[in-house]
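Below is one structure, written out as structure tokens; comments come after it.
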Amino acid sequence: LTGLACFGFYYRVGVFGPAMALSMHHVFSQSLLVCLLALTPCDRAFCLRPGTGPVSLWSQDLLRLQLSVLYLGAVYEKSYAAWLDGTRMEQVLHAIYLGSDATELGWMSVGLVGVAVFTWAAELFLAVAVWFPRWTPVTLGVAFLLHAGIYWLTPVGTFSVTMFVFLLAIVPPALFGRVWRSATVDLPLAPLALVPLLGLVGFGPPVRGFDGLALQACDVQLVVDGTSVRVPERALSGGRDGLQATVARLCRRRGPVDVRGRCASSDGWASVDVNGWCPEPVPEPAGRRSAW
């Protein structure tokens with residue numbers, strides 16, 4: 001019933017409803033996980049196959065299979081030039097931390113390529129490694145580094161926590177039960193469940209898909225009468241549409257604007273080089289106050 005309720009929110013309120021945040025991949029994964037957990041052995045609680053014998057472990061294999069599908073899907077979606085050369089990571093860095101003013105990244109560009117390639121390779125490794133019990137310690141270590149980094153550094157909602165729960169499927173039930181009973185591991189982990197709620201009270205950026213977040217990035221310099229103009233970071237959010245809105249407001253106040261730089265596109269960075277730009281004003285979205 002809980003799984004069906006989750007999917008009801010995903011489809012009725014998210015995909016076919018007004019709340020776009022509920023149509024994200026992490027909500028779908030969480031809903032699917034709850035449904036699959038209903039098939040797993042769980043001692044004296046409700047389950048379709050009680051016990052821990054070989055027959056009942058088919059549900060764990062189903063969770064492993066779903067893990068492989070999730071990771072292979074992620075590898076497929078990242079197998080394009082703008083990801084592997086670090087461009088998408090650079091755009092996410094601009095969107096979350098640097099803002100939209102033109103910035104020389106220097107050595108950080110090399111690091112971003114490393115992060116992008118590590119992410120791609122780690123997900124490919126995990127898609128295969130979940131099927132080899134002897135690799136479990138290494139598999140869990142790689143998965144923890146990957147998902148903890150994503151969880152703390154980017155606004156991707158509860159996806160990382162959901163994947164941690166999925167990954168429990170590769171731990172032998174007897175070992176997991178013994179460790180869980182012998183140590184109070186729930187208390188230090190409990191605060192993690194509260195972190196996604198911080199976005200609801202104004203801390204941190206709103207939840208968005210990774211590519212959607214990257215496509216909001218611009219890396220530009222605005223010049224009026226030969227003088228470089230620094231504008232608030234929020235005023236340049238929203239990709240090309242946000243840039244147009246910012247230039248329109250600036251033009252009304254100070255005159256035509258020269259724009260030099262680049263904005264994100266589906267293929268990577270797209271050059272923006274315009275002299276004397278004074279576009280028509282773009283209406284502010286309902287409920288949003290101007291950063292100016």
Side-chain angles (χ1 to χ4, degrees), residues 1-11 13-14 19-40 42 45 59-60 62-75 77-78 92 96 115 118-119 122-123 125-127 129-130 136-171 173 175-177 179-180 183-213:
L1 290 175
T2 304
L4 292 177
C6 290
F7 271 120
F9 277 110
Y10 174 78
Y11 284 109
V13 186
M20 183 178 295
L22 289 178
S23 66
M24 294 300 197
H25 66 284
H26 61 90
V27 181
F28 182 88
S29 301
Q30 188 172 334
S31 304
L32 185 61
L33 174 61
V34 175
C35 287
L36 292 179
L37 286 176
L39 307 177
T40 59
C42 40
S59 53
Q60 272 192 284
L62 193 59
L63 287 167
R64 290 175 191 257
L65 178 62
Q66 186 59 50
L67 271 171
S68 290
V69 170
L70 285 167
Y71 283 126
L72 288 176
V75 169
E77 289 187 345
K78 293 178 177 65
V92 170
I96 301 176
V115 171
F118 167 77
T119 302
E123 289 176 331
F125 167 78
L126 292 171
V130 295
T136 296
V138 176
T139 302
L140 292 176
V142 172
F144 181 82
L145 288 176
L146 175 68
H147 291 297
I150 294 173
Y151 188 73
W152 289 109
L153 298 176
T154 61
V156 293
T158 58
F159 182 67
S160 287
V161 180
T162 301
M163 295 305 293
F164 286 149
V165 179
F166 261 117
L167 285 160
L168 293 178
I170 73 174
V171 180
L175 173 61
F176 178 78
V179 171
W180 189 266
T184 308
V185 297
D186 51 340
L187 292 180
L189 291 178
L192 288 176
L194 302 177
V195 174
L197 300 179
L198 295 179
L200 298 178
V201 293
F203 293 95
V207 172
R208 282 177 281 178
F210 205 82
D211 266 4
L213 180 69

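Looking at residues two or more places apart in sequence or on another chain, you find no side chain to side chain donor-acceptor pair (under 3.5 Å) involving Thr2. Legend: residues meeting ring pair (Phe, Tyr, Trp, His ring centres under 6.0 Å) with Tyr71, ordered by chain and number and at least two apart, are His147. When the side chain to side chain donor-acceptor pair (under 3.5 Å) test is applied to Glu123, the partners found at least two apart in sequence or on another chain are Lys78.
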- Criterion side chain to side chain contact (heavy atoms under 4.5 Å, CB included) on Tyr151 and Val161, from CA distance to verdict: CA-CA 8 Å; Tyr151 188 73; Val161 180; 3.4 Å; yes

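Rounded to the nearest 0.5 Å, atoms CG (Leu32) and CG (Leu70) are 7.5 Å apart. Taken from CG in Leu167 to OG1 in Thr139, the straight-line distance is 8.5 Å, to the nearest 0.5 Å. In this structure, Leu126 CG and Ile170 CD1 are separated by 8.0 Å, a value rounded to the nearest 0.5 Å. Taking CZ from Phe159 and OG1 from Thr154, the interatomic distance works out to 10.5 Å, rounded to the nearest 0.5 Å. Once rounded to the nearest 0.5 Å, the distance linking CG of Leu67 with CG of Leu62 reads 10.5 Å.
Within a 6.0 Å radius of CZ in Phe125, other residues, nucleotides and ligands contribute more than 12 heavy atoms. In Phe144, the CZ atom is not crowded: 12 or fewer heavy atoms of neighbouring residues, nucleotides or ligands sit closer than 6.0 Å.
When every heavy atom of Tyr10 is checked against every heavy atom of Ser31, the shortest pair comes out as CB-OG, 4.5 Å.
Proximity of Leu65 to Val130: side-chain heavy atoms (C-beta onward) are nowhere separated by under 4.5 Å. For the pair Leu140/Val171, a side-chain contact is recorded, criterion being any heavy-atom separation below 4.5 Å from C-beta on. With a 4.5 Å cut-off on side-chain heavy atoms, Leu146 and Met163 do not count as touching.
Between Phe7 and Tyr11, the ring planes lie parallel to each other; the angle is under 30°, not in the 30° to 60° tilted range.
Listed for the Ser68 side chain is a donor-acceptor partner under 3.5 Å among the backbone atoms of Ala127.
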